[in-house]
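Convention: sequence-line order gives letters A, B, ...; per-chain numbering from 1.
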Protein chains: 2
Amino acid sequence: MARTIAERADVIPALAETFREYGFEGASLSVIGEKTGLGRGSLYHFFPGGKEEMATAVLQHIDAWFEERIYRPLRQSDDPQAAISTMCRAVSDYFHSGCRVCIVGAFALDNVRDRFASAILDYFAVWKSSLATALQKAGHEQDQAIDLAEEAVANIQGALVLARALNDPATFERAMIRIEKRLL
Amino acid sequence: MARTIAERADVIPALAETFREYGFEGASLSVIGEKTGLGRGSLYHFFPGGKEEMATAVLQHIDAWFEERIYRPLRQSDDPQAAISTMCRAVSDYFHSGCRVCIVGAFALDNVRDRFASAILDYFAVWKSSLATALQKAGHEQDQAIDLAEEAVANIQGALVLARALNDPATFERAMIRIEKRLL
DNA sequence: TACAGACTTTACCAATCAGTACAACTCGCT
DNA sequence: AGCGAGTTGTACTGATTGGTAAAGTCTGTA
């Protein structure tokens, strides 16, 4: 019937928003259909693997975004301090001051963790090591850099949980300020 | 038929474990039935409100546990430093070094947050304020005490996310050590 | 104009979901 | 022994789940 000129890639942001809002189990095919504007057949045309393939595509998309906008700048920048500051601002923007949930973190706490274990692990492991690289370039010892990086990544996730629990974006913003202060 | 000598309260730990493992949506009545050893009739006998009432009971049970074992000691102890240390150890034990998920945190990230919003908010708000009280008694200014408390509670949640994502209890233990060091 | 392949709609499937109803059973009490 | 309250197993409902299949419509090419 009517053609929606939809490429697979065009659907992914809507898919991501849906998984963010409903979680993996909560995002039923009917909900996904509504949110994307695609019928069942179209969804299975683009994602023959069903919901699992949709979620995988979303995780890949997120990973690519973070790699380009956050991880790579941290590793490659000549000015590590500036790269870290940029990271903090980008993270705060990305998560809408804690109003937006981290899908990867949410999946990690969910029982779907095992199904997407390697993508989840990668996301955090690369984040941690990229940040550690920047910290080392900024003058920290390797051990201390890794420790600081681990702490910062965990703190961001914790801030997301707490801000959402308290329903208070300011909680998230305060946490990001603390994190940045501690990294610089 | 056979009587299982089951009181409502006896079922709650098994219920909690089920929600922890499967999440709210993932914990179907069949799964709950298996894990608790109770049939559908019994479950609805004890929890006429269905799954929602079961989850509410679990949240109440958790809240009572934390109130007794963690929050109250923080507020009432004459030795706030010792109370904080005790908290860190109790938390580490309770979460099995990060192998066990925090149901409240998981619910906060899930789309069921709104349904249990007040219980979730309470859990974290009381934790934060109890810890702040102990920190103030330990000599911190009120503002600084609240800030430190907020940070610590968030960090614990973040450590749970990260440890589960990396599948590494050591990550959680390192985080708890950092948290304790910063509080004392 | 005609055909091929990309896309979409629609109806459908078996499985599972939360929840209900009720009979069958067990136990404490008299 | 037998009553009544409490507890449990089973069968059921109607809705929804993820997923399939076939028939249809559109667009680009030739």
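- Between the two ends of the helix from C:dT1-D:dA30 to C:dT30-D:dA1, each summarised by a five-pair axis, the helix axis turns through 0° (rounded to 10 degrees).
- As a whole-Å value, the separation of A:Glu25 CD from D:dT16 P is 18 Å.
- Taking atom CD of B:Glu53 as the reference point, atom C1' of C:dT20 lies 16 Å away to the nearest angstrom.
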Polar atom pairs between nucleotides 19-21 of chain D and protein, under 3.5 Å, N or O only, would you list them?
residue, atom, partner, partner atom, Å
D:dG19, OP2, A:Tyr44, OH, 2.7
D:dG19, OP2, A:Lys51, N, 3.3
D:dG19, O5', A:Tyr44, OH, 3.0
D:dG19, O6, A:Arg40, NH1, 2.9

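- The aromatic rings of B:Phe19 and B:Phe107 stand perpendicular to each other, their planes meeting at an angle above 60°, with 30° marking the opposite boundary.
- Side-chain atoms of B:Phe124 and B:Gln157, non-hydrogen and from C-beta on, do get closer than 4.5 Å to each other.
- The closest donor-acceptor contact from the side chain of B:Arg164 to the backbone of A:Asp110 lies under 3.5 Å.
- Using bins of under 30°, 30° to 60° and over 60° for the plane-to-plane angle, the ring pair B:Tyr123/B:Tyr71 lands in the perpendicular bin.
- Looking at A:Lys128 and A:Ile146, their side chains come closer than 4.5 Å, going by heavy atoms from C-beta outward.
- Between B:Glu17 and B:Lys35, no side-chain nitrogen of the basic residue sits less than 4.0 Å from a carboxylate oxygen of the acidic one, so the salt-bridge criterion is not met.
- Remark: A:Lys51 does not engage A:Glu25 in a salt bridge, criterion side-chain N to carboxylate O under 4.0 Å.
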Give every pair of a protein N or O atom and an N or O atom of nucleotides 14-16 of chain C that lie under 3.5 Å apart, one pair per line with the distance.
none

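- Between A:Trp127 and A:Phe66, the ring-plane angle classifies as tilted under the 30° and 60° cut-offs.
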